[in-house]
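All heavy atoms count here, side chains included; hydrogens, waters and symmetry mates do not. We name chains A, B, ... by the order of the sequence lines, and we start the count at 1 in each one.
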2 protein chains.
Amino acid sequence: MRIRIDPTLPTPLFEQLASAVRSTIIDGRVIGGERLPAARRLAEGLGVNVHTVLRGYRLLRDEGLIELHRGRGAVVATRLGGHAALAGAIHDLVDEAKLHDLPESALLALVSEAYRSAPSAAGVLRTGPTR
Amino acid sequence: MRIRIDPTLPTPLFEQLASAVRSTIIDGRVIGGERLPAARRLAEGLGVNVHTVLRGYRLLRDEGLIELHRGRGAVVATRLGGHAALAGAIHDLVDEAKLHDLPESALLALVSEAYRSAPSAAGVLRTGPTR
DNA sequence: CGACTTGTTCGAGTAACAATAGAACAATAG
DNA sequence: CTATTGTTCTATTGTTACTCGAACAAGTCG
């Protein structure tokens, strides 16, 4: 896994780090259970503070993509298969958006709003007879 | 067209305003060529500064959704059809994301990264056993 | 023309946040 | 036990974002 971080970009460092790792997980380039580098070591390698790396890791943990354990480090969550359809849906959407010359910011805003107004997965998954 | 903004939310006011107007346009609840309220008047009605409203308008203008003209006001851009496929793609993606229990923040990050499929560089990360 | 409307630009102040740093702590591995 | 690794706490620094006031410029309309 190769991660690129650019301090000159407006995007926060911890977010760049999280995005890079997230992509490798969603794309299936790392398998569940695989161990990520220790925060202190990675921080040194990237030339950033340990807290910055840990913040990125914590972000991914909150998203359910990795697990953090003291003494054991950061581990890619198992039971993460089937993201292929997700990656495909994302690709389709981006294609459609660029077809309409819709800027990234507008696309994100629309997705965000759709996410909030959509029913939760749990609700869709059946909760007994509807009438 | 009813617009509601909440100063207590972490989302910037101008962004809340832009999102509200954007939705009404994408959903087709306002027709192309239709005129939006003048910034000063809308600002007074919402209890915010004129700049806040104008910044929201400017955001939509940069997205190509409206046009701004001095003396004439803000007008919904014509030639905005064909967003149906876009709305569909968004819906599909959100469904898929919720099926995987993927949080909104993670979804937005993935879409964002997919949109600009040309990252920049500096820094390396290796996976596998941490020696 | 001339008064009015409307968006634009300049400048500024406050708040929020990112990033860094040091230290001590708790759980896990070997 | 010893070393590793994430967690928590406090603190500082620099930068950015948001909101706002006032003056300006371009257009509209009688």
Test A:Val30 against every option in A:Val76, A:Leu36, A:Val21 by the side chain to side chain contact (heavy atoms under 4.5 Å, CB included) rule and name the one that passes.
A:Val76

Minimum heavy-atom distance A:Val75-A:Gly33, with the two atoms named
CG1-O, 3.3 Å

Where do B:Pro37 and B:Leu42 come nearest, in terms of heavy atoms and distance?
CB-CB, 4.2 Å

Could you please name the partner base of D:dG27, counting Watson-Crick and G-U wobble pairs only when both distances are under 3.5 Å?
C:dC4

How long is the line joining [atom1] of [X] and [atom2] of [N], in whole Å?
X	N	atom1	atom2	value
B:Leu9	C:dA15	CG	P	20 Å
A:Glu67	D:dT7	CD	P	12 Å
B:Arg55	D:dT16	CZ	C1'	11 Å
A:Arg41	D:dA3	CZ	C1'	13 Å

Could you tell me whether the side chain of [X] and the main chain of [Y] form a donor-acceptor pair under 3.5 Å?
X	Y	result
B:Glu104	A:Arg116	no
A:Glu15	A:Pro12	no
B:Gln16	B:Thr11	yes

Tabulate atom names and distances for all N/O pairs under 3.5 angstrom spanning the protein and nucleotides 7-11 of chain C.
{"residue": "C:dG7", "atom": "OP2", "partner": "B:Ala39", "partner atom": "N", "Å": "3.2"}
{"residue": "C:dG7", "atom": "N7", "partner": "B:Arg40", "partner atom": "NH1", "Å": "2.9"}
{"residue": "C:dG7", "atom": "O6", "partner": "B:Arg40", "partner atom": "NH2", "Å": "2.7"}
{"residue": "C:dG7", "atom": "N2", "partner": "B:Arg70", "partner atom": "NH1", "Å": "3.4"}
{"residue": "C:dT8", "atom": "OP1", "partner": "B:Arg61", "partner atom": "NH1", "Å": "3.0"}
{"residue": "C:dT9", "atom": "O4", "partner": "B:His51", "partner atom": "NE2", "Å": "2.9"}

Ignoring backbone atoms, test whether A:Asn49 places a side-chain nitrogen or oxygen under 4.0 Å from the OP1 or OP2 oxygen of C:dA21.
yes

Does D:dC20 have its OP1 or OP2 closer than 4.0 Å to a side-chain nitrogen or oxygen of B:Thr52?
yes

Tell me which nucleotide among D:dC18, D:dG21, D:dT5 gets nearest to the side chain of A:Arg35.
D:dT5

